[in-house]
Amino acid sequence: MAKGNKIDGLLNGIYRNKWLLMRYFAAALVCGVIRYLINGVFIIIFKQPVGDAALLSWCVWTLIFYPCLKFFVFRFKSSDVYRLLRQIMIYILVCAGLWVTRQLFVSVLYVLTSNQTAALSVGGVMNELLCLWASVKIVFRKK
């Protein structure tokens with residue numbers, strides 16, 4: 001397959017799923033803002049160390065982001081409670097992996113660039129793309 005055909009296929013796939021992608025990034029933006037507000041609450045009000053506050057706010061984000069993905073982004077409804085519980089367990093494992101990859105991305109990028117802002121922003125973008133891919137291919141895949 002020629003290189004132009006692969007790029008055309010990718011762009012066609014993005015265009016076909018444009019509303020899904022817009023809903024995903026809107027939900028990710030809202031939940032990300034909530035995560036940073038909760039992180040500030042843990043640091044300022046509860047006097048948690050920065051690392052502990054980041055982990056706790058990530059856990060709260062995991063709890064908030066799942067319903068947004070399930071009901072707003074993918075509009076996936078299931079009447080089977082066992083499938084729902086399995087999906088929640090897989091989601092929690094994926095979010096734990098995302099926590100590790102986010103830390104890895106930011107750390108490696110900080111070492112490479114020596115710029116904290118660039119490392120956080122590029123690492124965040126890479127992690128969001130990984131989160132989108134994992135949500136589509138692993139958590140909410142149709143069997």
Side-chain angles (χ1 to χ4, degrees), residues 1 5-143:
M1 186 177 263
N5 292 339
K6 288 182 182 180
I7 293 173
D8 289 342
L10 175 67
L11 292 176
N12 286 337
I14 290 171
Y15 183 74
R16 278 193 307 269
N17 296 313
K18 65 181 176 251
W19 295 113
L20 175 89
L21 292 171
M22 286 185 203
R23 285 192 311 261
Y24 174 82
F25 284 111
L29 180 67
V30 169
C31 290
V33 168
I34 291 171
R35 183 181 74 202
Y36 285 112
L37 292 174
I38 291 171
N39 190 26
V41 166
F42 282 132
I43 291 172
I44 295 169
I45 295 176
F46 296 120
K47 309 263 190 267
Q48 295 289 322
V50 175
D52 293 347
L55 182 60
L56 290 171
S57 65
W58 186 271
C59 292
V60 171
W61 171 82
T62 300
L63 293 174
I64 294 171
F65 198 49
Y66 177 77
C68 290
L69 284 177
K70 184 167 181 69
F71 299 117
F72 176 67
V73 176
F74 295 107
R75 297 180 181 168
F76 180 79
K77 294 175 178 58
S78 175
S79 59
D80 185 12
V81 71
Y82 295 111
R83 185 173 180 195
L84 177 67
L85 291 175
R86 185 179 66 223
Q87 189 180 59
I88 290 171
M89 288 187 296
I90 291 170
Y91 174 76
I92 290 171
L93 291 173
V94 165
C95 283
L98 287 172
W99 169 259
V100 172
T101 59
R102 182 178 183 273
Q103 300 303 324
L104 180 70
F105 288 153
V106 171
S107 299
V108 168
L109 289 169
Y110 182 69
V111 168
L112 293 175
T113 63
S114 297
N115 185 347
Q116 184 178 11
T117 305
L120 286 171
S121 60
V122 173
V125 168
M126 291 170 59
N127 201 50
E128 281 302 325
L129 292 174
L130 183 63
C131 181
L132 175 64
W133 177 83
S135 296
V136 169
K137 296 292 184 183
I138 298 172
V139 178
F140 294 104
R141 71 177 179 206
K142 294 181 180 171
K143 299 193 178 204

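Worth knowing before you read on, the calculation uses all heavy atoms, side chains too, and leaves out hydrogens, waters and symmetry mates.
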Which heavy atom in Trp58 sits nearest to a heavy atom in Asn127, and how many Å separate them?
CH2-ND2, 3.6 Å
Interatomic spacing from CD1 in Ile38 to CZ in Phe46 - rounded to 0.5 Å
10.5 Å
Side-chain touch Arg102/Met126, heavy atoms, less than 4.5 angstrom
no
Which atom of Tyr91 lies closest to which atom of Leu69, heavy atoms considered:
CE1-CD1, 4.0 Å
How long is the gap from CG on Leu130 to OG on Ser135, to the nearest 0.5 Å?
9.0 Å
Separation between OH (Tyr110) and CG (Leu120), nearest 0.5 Å, reads 10.0 Å
State, yes or no, whether a side-chain contact exists between Trp61 and Cys95 at a heavy-atom distance under 4.5 Å.
yes
Measure from the side-chain N and O atoms of Arg23 to the backbone N and O of Phe72, and report whether any donor-acceptor pair falls under 3.5 Å.
yes
Please examine the side chains of Leu93 and Ile138, heavy atoms only from C-beta on, and report whether any two atoms are closer than 4.5 Å.
no
Would you name the heavy atoms of Val106 and Gly123 that are closest together and state the gap between them?
CG2-CA, 4.3 Å
For Val73 and Leu20, the nearest pair of non-hydrogen atoms, with its separation, is O-CD1, 3.5 Å
Under 4.5 Å between any side-chain heavy atoms of Phe42 and Asp52, yes or no?
no
Hey, does Leu56 have a side-chain heavy atom less than 4.5 Å from the side chain of Gln48?
yes
Does the side chain of Val122 reach to within under 4.5 Å of the side chain of Phe105, using non-hydrogen atoms?
no
Could you give the distance from OG (Ser114) to CG (Leu109), rounded to the nearest 0.5 Å?
11.5 Å
Atom NZ of residue position Lys18 - does it have more than 12 heavy atoms of other residues, nucleotides or ligands inside 6.0 Å?
yes
Rounded distance [0.5 Å steps], NZ in Lys70 versus CZ in Phe65:
14.0 Å
Kindly compute the distance separating CZ (Phe140) from CZ (Phe74), expressed to the nearest 0.5 Å.
6.0 Å
Using the side-chain contact (heavy atoms from CB on, under 4.5 Å) rule, pick out the option among Asn39, Leu29, Val60, Ile64 that qualifies with Ile34.
Ile64
Does the side chain of Ile92 come within less than 4.5 Å of Ile88's, by heavy atoms?
yes
If you define the side chain from C-beta out and look only at heavy atoms, does anything of Gln87 sit under 4.5 Å from Val139?
yes
Return yes if some donor-acceptor pair links the side-chain N/O of Ser57 with the main-chain N/O of Ala54 below 3.5 Å, else return no.
yes
